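Here the structure comes first, spelled out in structure tokens, and everything after it is commentary.
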Amino acid sequence: MPDQNQARQSDELWRVALERAGLGVWDWDLRTGNCFYSPSWARMLGYKEGELPADSDLWVKLTHPEDRERAIESGDRHIAGLTERIETELRLRHKDGHWVWVLDRGGVIERDQDGKPLRVIGVQTDISRQKAAEQQIEEVNARFRLALAASGIGLWHHDVGSKISVWDAKTRELYGVGGNEESVPESLWASFLHPEDGDRAIQAHEAAASSGEVTSIRYRIVRRDGEVRHVETFAKLVADPQSQGRLVGTTRDVTDEQRRQEELLHAARHDALTGLLNRSAFDEVLKHGTENADCRPFAVLYVDLDYFKALNDSAGHAVGDAALKTVATGIRSCLPPSSFAARLGGDEFAILLPVGEALEDEASVVAEAILSSIRETDFGFGTRSQKLAASIGIALVNTAATSAADALGRADDACYAAKAAGRNRCSTFSSIVTVSTSGLTAARLAGEVTEAMENGCLLLFGQEIWPLCDQSKTPWGVEVLARLQSRDGQIIPPTAFIPAAERFGVAARLDRYIIRSALSAFGGSAAERRGTMLGLNLSAQSLSDPGLWDYVDNWIEASGVTPSCVVFEITESAAITNFDAAERFVRRAREGGCRVSLDDFGAGLSSFDYLRRFPIDSIKINGSFIQNMAASRFDREIVSAITGVAKSLGYATVAEKIESAEVLTILEDMGVTLGQGFFLHKPEPLEAVLCRIDKQKLASSAAA
Ligand code: C2E
Ligand code: CA
Ligand code: CA
């Protein structure tokens, strides 16, 4: 019996070993159908030894219903000789009710002479822990896949040695590559790169491959259908001792994000209405320009629309906005590509224009083009025609010594000069320098006006106004014209300093000064000068000066001048700026017995409108229509139309800037009432004019 003993010993040895290893053993005798379960098997399921019946299908009862069929089949297949061993994973119910995952492995260990299986033995291992870990990994993976899908991030890796990449489905989708081919040669990737970003993108990837750092880069790709997309890539080298390593990366489509950023950036730098640069962006551009002005000279153009306020008021804001847009488009169309245009606010625009050798000429050509583009556009709506004009100031900058603020300030000054010179024109800062003093800025000019009023340097000139259709030997009146004597003795014309005075709030004071001085001079020998009219110009600010009339009344009384001999000249542009104030002023003037003349008539576009609204006495036809009348049929038509309307409304007409006998004759033929101009009389100091008139009056009364 030594054999039987040996066998029993070896059985025992295995049983103990398996028991120690915590493995559950089952031993199934196919002849009897009995099945032996080791105590360790029972313990694995929470039972004590002997607590479970040695039932052959005990394990089947304890197996999870979902796993049962698979487990039985695995056994059957092996017994039928179809598989080499039983191997299956299944869940068994623990005594306390939960499920224990086990790996079941076994096989036939005894057969009869025909090879028919007699005994099967198996081992079941508790793999719950491993299963839980797998489950966790699967969950993490699922979450990761979900997150990737949601984020739209494509994954790829690139073998540095072979230059072959593997793109996942998302990456292929980003590039617009169809099919399932994951393997992508570097040349294919490179063929997608936007020409402007290609070198940068390749360098960034090379840097990632050599540095081992995480590298990120944004670049554009051009898909096969021509669509340009922005992508963002993160890449990192994963070293591999077998090869040169591989880059692992992500790619994300950031086109929308990029466009939003660009839009935000654009909005921060541009004027929403016109799309031109805004003030702060222009300041930046200008600062950069001035810093490089030594080698790259440029011109600054300051564009201010004329009559815009009137258009806005009469036609409404929508029309005003549309007009600003049209103006912006017009400005842009006149500029070379390297220039910058901005809307500084309201109806003011600025331009930075790079210029070459012929600094001034180039800038003026562009300015003239802008002027005519604005002039030729009809901003009207419906059947109503509305035209605008502009005044442009030009400042040339060819040295870094000029600051950005100075450059813009000069262009602004020049613009004021252009306005003062009659609008719808351009003026260059350097040319103001020659007519005024050595490059005074508006602020300094205004300061000089104030000083001049205090020290007698503000001079009064006068220009005679003559009746046109009668043979009078004496002028009908005198228009007072201001002059500024600068510190260096130069005489500065009002076109140069009145805009500055208006801008810095000294215009009303200046008008009062002129009113007082002129009335005093005029009243001095009123007996001889009786009947001569005194024309006084008023600025827009004076119209809304609440104390003006007390002041005028006082000085009329003090000087003894007859109120009806005083004619206040108010310009259309002043009336536009403050319509209500102008209306009040006209009413008050008439109550005081004074007269009112509408100056520069025709320069504005709604001139005839004003005639209906202001009960004035006379209109002064803008000199720009008179000057070239002899040569221009258009000007003659305008003057004739204005004269006709004025006559029918009972207003006297005054033609200013008569420079020739020819023009004088035309005006006489048209029936214009009064005239003034260099041909009739050149402005000279008021005292001299008054003195001569006194003599003429004396002579004519002596002759009578
Ligand atoms: P304005 O009232 O239209 O004055 C006429 C301007 O035309 C004057 O220029 C005069 O010298 C000029 N002028 C006269 N005849 C001719 C001519 O035949 N040809 C040409 N080319 N020009 C001629 P000035 O004195 O430079 O005055 C310019 C403007 O300044 C005036 O235009 C007026 O609006 C304003 N202004 C002048 N004096 C005063 C003032 O005391 N107070 C205010 N508020 N404004 C004034
Ligand atoms: Ca005038
Ligand atoms: Ca005038």
Side-chain angles (χ1 to χ4, degrees), residues 416-423 425 432 435-436 449 452-453 458-466 475 477-484 491-503 505-519 521 533-545 548 567-575 577 585 595-604 607 616 618-630 642 653-664 667 674-686 689:
Y416 269 97
K419 266 196 189 306
R423 299 164 184 270
R425 69 192 65 212
I432 320 177
V435 291
S436 68
V449 170
M453 288 189 274
L458 196 70
L459 311 177
L460 270 62
F461 273 48
Q463 186 179 33
E464 296 171 358
I465 302 172
W466 286 82
V478 182
E479 176 181 4
V480 179
L481 296 166
R483 299 286 180 269
L484 179 66
I491 300 285
I492 306 174
T495 43
F497 66 82
I498 293 215
E502 285 181 332
R503 218 170 129 202
V506 292
R509 239 180 100 192
L510 177 127
D511 283 349
R512 286 186 178 209
Y513 178 92
I514 303 276
I515 290 168
R516 188 187 75 212
S517 314
L519 285 174
M533 309 296 293
L534 179 71
L536 293 167
N537 290 291
L538 285 181
S539 71
Q541 279 162 19
S542 288
L543 295 185
S544 40
D545 172 359
L548 181 76
V567 188
F568 287 103
E569 299 190 3
I570 58 170
T571 61
E572 257 186 278
S573 56
T577 345
F585 176 88
R595 304 188 192 199
V596 179
S597 186
L598 201 52
D599 202 355
D600 290 348
F601 191 86
S607 302
I616 41 122
S618 54
I619 57 179
K620 293 187 86 167
I621 305 165
N622 192 300
S624 63
F625 295 118
I626 310 291
Q627 273 171 311
N628 305 311
M629 251 184 116
I642 295 174
T653 39
V654 188
E656 52 180 18
K657 299 195 185 171
I658 302 171
E659 292 178 345
S660 67
E662 217 181 338
V663 169
L664 184 64
L667 292 167
L674 299 158
Q676 84 188 96
F678 293 166
F679 180 72
L680 297 169
H681 176 234
K682 270 206 160 132
E684 58 184 323
L686 184 65
V689 184

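Order of listing sets the numbers, starting from 1, for every ligand and every atom in it. Bear in mind that the values here come from a model prediction, so they are computed numbers and not experimental data.
- Under 4.0 angstrom from ligand 1, the non-hydrogen atoms of E656 all belong to its side chain.
- Under a 4.0 Å criterion applied to the non-hydrogen atoms of G677, ligand 1 contributes the atoms 15 (N), 18 (O).
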- Apply side-chain hydrogen bond (donor to acceptor under 3.5 Å, both in side chains) to D600 and T571, showing your working. CA-CA 6 Å; D600 290 348; T571 61; 5.5 Å; no
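- Contacts of I514 with ligand 1, taken as heavy-atom pairs under 4.0 Å, involve the side chain alone.
- Applying the 4.0 Å criterion to heavy atoms of Q627 picks out, from ligand 1, the atoms 20 (C), 21 (N).
- With ligand atoms numbered from 1 in the order given, ligand 1 contributes 4 (O), 8 (C), 10 (C), 11 (O), 25 (O), 37 (C), 38 (N) to contacts under 4.0 Å with heavy atoms of L481.
- Under 4.0 Å from ligand 1, the heavy atoms of D599 that appear belong solely to its side chain.
- Across A507 and S542, no two heavy atoms sit closer than the pair O-OG, 4.4 Å.
- Taking the side chain as every heavy atom from C-beta outward, L484 and L458 approach each other to under 4.5 Å.
- The CG atom of N537 sits 10.0 Å away from the CD1 atom of I515 when rounded to the nearest 0.5 Å.
- Taking a cut-off of 3.0 Å, the protein N, O or S atoms nearer than that to the Ca ion (ligand 3) are D599 OD1, D600 OD1, E656 OE1, E656 OE2.
- The 12-atom threshold is exceeded at CD of E684, counting heavy atoms of other residues, nucleotides or ligands nearer than 6.0 Å.
- The side-chain heavy atoms of L534 and L519, taken from C-beta on, include a pair separated by under 4.5 Å.
- Summarising the contacts of atom 28 (C) of ligand 1 with S624, P494, P499, the nearest heavy atom is found in P494.
- Under 4.0 angstrom from ligand 1, the non-hydrogen atoms of A482 come from both its backbone and its side chain.
- Between Q676 and ligand 1, no N or O atom pair is found at a separation short of 3.5 Å.
- Side-chain contact between E572 and N622: absent, with no pair of heavy atoms (C-beta onward) separated by less than 4.5 Å.
- Using a 4.0 Å cut-off to heavy atoms of Q463, the atoms of ligand 1 that qualify are 14 (C), 15 (N).
- To the nearest 0.5 Å, the span separating CD on Q541 from CZ on R509 amounts to 12.0 Å.
- Taking every non-hydrogen atom of D600 and a distance limit under 4.0 Å, the qualifying atoms of ligand 1 come out as 3 (O).
- With atom 18 (O) of ligand 1 as the reference point, the heavy atom nearest to it among F679, F678, Y513 is part of F678.
- Looking at V663 and F679, their side chains never come closer than 4.5 Å, going by heavy atoms from C-beta outward.
- Closest N/O/S atom of E479 to the Ca ion (ligand 2): OE2.
- With ligand atoms numbered from 1 in the order given, ligand 1 contributes 11 (O), 24 (P), 25 (O) to contacts under 4.0 Å with heavy atoms of R483.
- Heavy-atom proximity to D511, at under 4.0 Å, picks out these atoms of ligand 1: 42 (N), 43 (C), 44 (N).
- Atom CD1 in I514 sits 8.5 Å away from atom CG in L536 (nearest 0.5 Å).
- With rounding to the nearest 0.5 Å, the separation of CG in L543 from CG in L538 is 6.0 Å.
- In this structure, the side chains of V654 and Q676 come closer than 4.5 Å at one or more pairs of heavy atoms.
- Neither the backbone nor the side chain of K620 comes within 4.0 Å of ligand 1, counting heavy atoms alone.
- Between I498, I492, V480, I658, it is I498 that holds the heavy atom closest to atom 46 (C) of ligand 1.
- Residues passing the salt bridge (Lys or Arg N to Asp or Glu O under 4.0 Å) test with E659, sequence neighbours excluded: none.
- Using a distance-only test at 3.5 Å, with no hydrogens or angles considered, a donor-acceptor pair links the side chain of E656 to the main chain of G623.
- Close approach to P683 involves these atoms of ligand 1, each under 4.0 Å from a residue heavy atom: 11 (O).
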- Going through the checks in order, is the side-chain contact (heavy atoms from CB on, under 4.5 Å) test met by I658 and W466? CA-CA 11 Å; I658 302 171; W466 286 82; over 6 Å; no
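- Using a 4.0 Å cut-off between heavy atoms, K682 makes no contact with ligand 1 at all.
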